[in-house]
Amino acid sequence: MSGVNEIRSTFLDFFAKNGHAVVPSSGLVPKNDPTLMFTNAGMVQFKNVFTGIEKRPYDKATTAQKCVRAGGKHNDLDNVGYTARHHTFFEMLGNFSFGDYFKERAIELAWTLITKEFGLSPEKLLVTVYADDDHAADLWKKIAGFSDRRIIRIGTSDNFWQMGDTGPCGPCSEIFIDQGSALKGGPPGSPDEDGDRFLEFWNLVFMQYEQVEPGNRTPLPRPSIDTGMGLERMAAILQGVTSNYDTDLFKALIEAVAHAVSRAPEPATMASYRVIADHLRASSFLVADGVLPGNEGRGYVLRRIMRRAMRHAEILGAREPTMYRLVPTLVREMGQAYPELMRAEALIAETLKLEETRFRRTLERGLSILDAESRDLQAGQNLSGDTAFTLYDTYGFPLDLTQDALKARGIGVDTEAFQAAMQRQKQAAREAWKGSGEAATEAVWFGLRERVGATEFLGYETETAEGVVTALLTEGAEVSELKAGQSGLAVLNQTPFYAESGGQVGDTGTIAGAGVSVRVTDTEK
Ligand code: SER
């Protein structure tokens with residue numbers, strides 16, 4: 001039986017032996033992509049290598065990449081804890097070819113690794129290909145000796161991979177294992193494909209296009225390969241268990257939770273242990289990568305993940321901050337592979353403790369309000385949007401925490417009324433502020449702040465980054481463009497420029513884009 005750490009190194013060693021550079025995981029905050037919330041796949045750090053903008057000293061690479069899917073296009077948060085497979089944080093093992101090999105070699109390498117190194121029995125395996133990809137289907141016949149029956153053609157987005165709304169993309173071929181008829185579920189493409197019996201564990205993407213903007217797809221300079229294997233899934237397969245949460249690494253984390261709350265898991269409480277174990281990983285890795293809990297953007301996603309776990313700790317009977325006590329176990333299990341976790345251990349523990357201490361002040365009271373307001377509701381009914389908003393605004397309950405708390409009873413939340421309550425509050429704040437008689441030019445900033453949100457600061461981690469210009473201003477008014485030679489103000493969604501805010505000097509530097517170069521003479525908050 002192989003542990004998670006051995007499986008990871010077997011994968012990387014196999015591709016290193018086959019001429020691939022072993023490249024470290026990139027951070028969870030994508031520096032080269034302003035449109036992504038978090039790194040959500042192994043290919044993210046290579047996005048510009050695929051499109052030809054960036055050159056690296058190798059044309060074949062392999063990685064074990066930290067990924068978070070809890071916001072943006074790929075968001076698994078709501079499912080975590082209730083299924084055997086979903087995670088907010090997971091590791092993706094991948095091999096990449098940047099214009100070197102393409103479909104045939106990719107399939108050959110994959111087949112050799114899973115049948116020879118990992119020893120999976122070929123009879124249990126089957127694959128999908130994109131509906132009209134005859135070439136991939138023929139290669140699977142030739143290399144794996146599959147009959148048509150085991151090559152399933154799928155014509156939907158399930159077999160076409162896209163990182164986000166823009167970026168490199170292409171048709172893919174997914175590899176599945178049949179875990180036997182004791183589990184429910186049908187093969188991919190069948191009505192009951194969501195069952196656990198047929199498990200997808202590796203996605204081979206034949207990168208051929210770049211989605212430049214919606215509706216505009218151009219071919220990549222050279223056809224390339226991007227693959228992604230879920231490490232947690234492969235560990236479950238090789239360890240003969242049907243849930244990722246029963247693998248060695250998760251067992252160790254769940255044991256630590258049980259120890260911390262002095263209570264052993266039972267079927268009825270298992271989801272809570274899973275949520276805590278999963279969210280501990282996401283929270284710790286995000287903090288190690290420079291994200292801190294906050295009220296907007298990435299910081300708010302982190303806060304939501306942390307608080308969701310903290311509520312589950314409360315369910316298990318914890319009356320004191322608990323999450324921070326689990327950090328040493330996580331570092332013991334994963335610190336070798338990800339040294340940043342060891343370096344940030346104290347910061348992670350401190351951040352979790354502070355957040356949990358803060359949240360505990362309102363958690364109990366919030367839960368009792370939730371309980372009182374939902375007591376008479378039946379499955380299929382909704383909690384009122386106003387109550388959900390009070391829980392959010394006064395008791396620090398993110399909306400999805402409230403939804404999660406009601407999920408088991410089949411009760412929803414009136415999210416429209418929740419949003420309306422939020423809008424009313426913003427409107428009231430705006431009116432109160434208008435009355436204060438500030439200068440008219442500053443009114444622009446109030447509107448902008450509401451429309452485009454805060455700028456995220458990346459400068460503790462990096463001195464260069466990509467960002468999106470969310471607004472341009474000159475002479476106190478918003479404009480749609482600035483001409484060559486003109487000066488003005490640019491607002492960005494994220495930036496490494498340090499802003500002056502009462503004291504220190506704002507950063508200076510350069511902003512460059514396609515055909516544009518801008519001198520930055522000052523940065524202000
Ligand atoms: N990018 C593909 C995925 O995330 C394969 O790595 O599934």
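All ligand and atom numbering here is 1-based and tracks the order in the structure. In what follows, residues are counted from 1 in the order of the sequence shown. Being a predicted model, the structure only gives us computed values, none of them experimental.
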Identify the protein atoms, limited to N or O, that lie within less than 3.5 Å of an N or O atom of ligand 1, and list each pair with its distance to 0.1 Å.
from     : atom 1 : to     : atom 2 : distance (Å)
ligand 1 : 1 (N)  : Asp226 : OD2    : 2.8
ligand 1 : 4 (O)  : Arg69  : NH2    : 3.3
ligand 1 : 4 (O)  : Trp161 : NE1    : 3.4
ligand 1 : 6 (O)  : Asp226 : OD1    : 2.8
ligand 1 : 6 (O)  : Thr227 : O      : 3.2
ligand 1 : 6 (O)  : Gly228 : N      : 3.0
ligand 1 : 7 (O)  : Trp161 : NE1    : 3.4
ligand 1 : 7 (O)  : Asn203 : ND2    : 3.0

Determine all donor-acceptor pairs shorter than 3.5 Å in which one atom belongs to a side chain in residues 335-343; sequence neighbours excluded.
from   : atom 1 : to    : atom 2 : distance (Å)
Tyr338 : OH     : Glu91 : OE1    : 2.7
Glu340 : OE2    : Lys66 : NZ     : 2.5

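- Residues Phe98 and Phe50 place their aromatic rings such that the two centres sit under 6.0 Å apart.
- Salt bridge annotation for Asp178-Arg197: present, with a cationic side-chain nitrogen under 4.0 angstrom from a carboxylate oxygen.
- Residues forming a side-chain contact (heavy atoms from CB on, under 4.5 Å) with Ala136 (at least two apart in sequence, or on another chain): Lys103, Val129, Asp133, Phe206.
- With sequence neighbours left out, Lys47 forms a salt bridge (Lys or Arg N to Asp or Glu O under 4.0 Å) with Asp33.
- Proximity of a side-chain donor or acceptor of Lys184 to a complementary backbone N or O of Asp192 within less than 3.5 Å is not detected.
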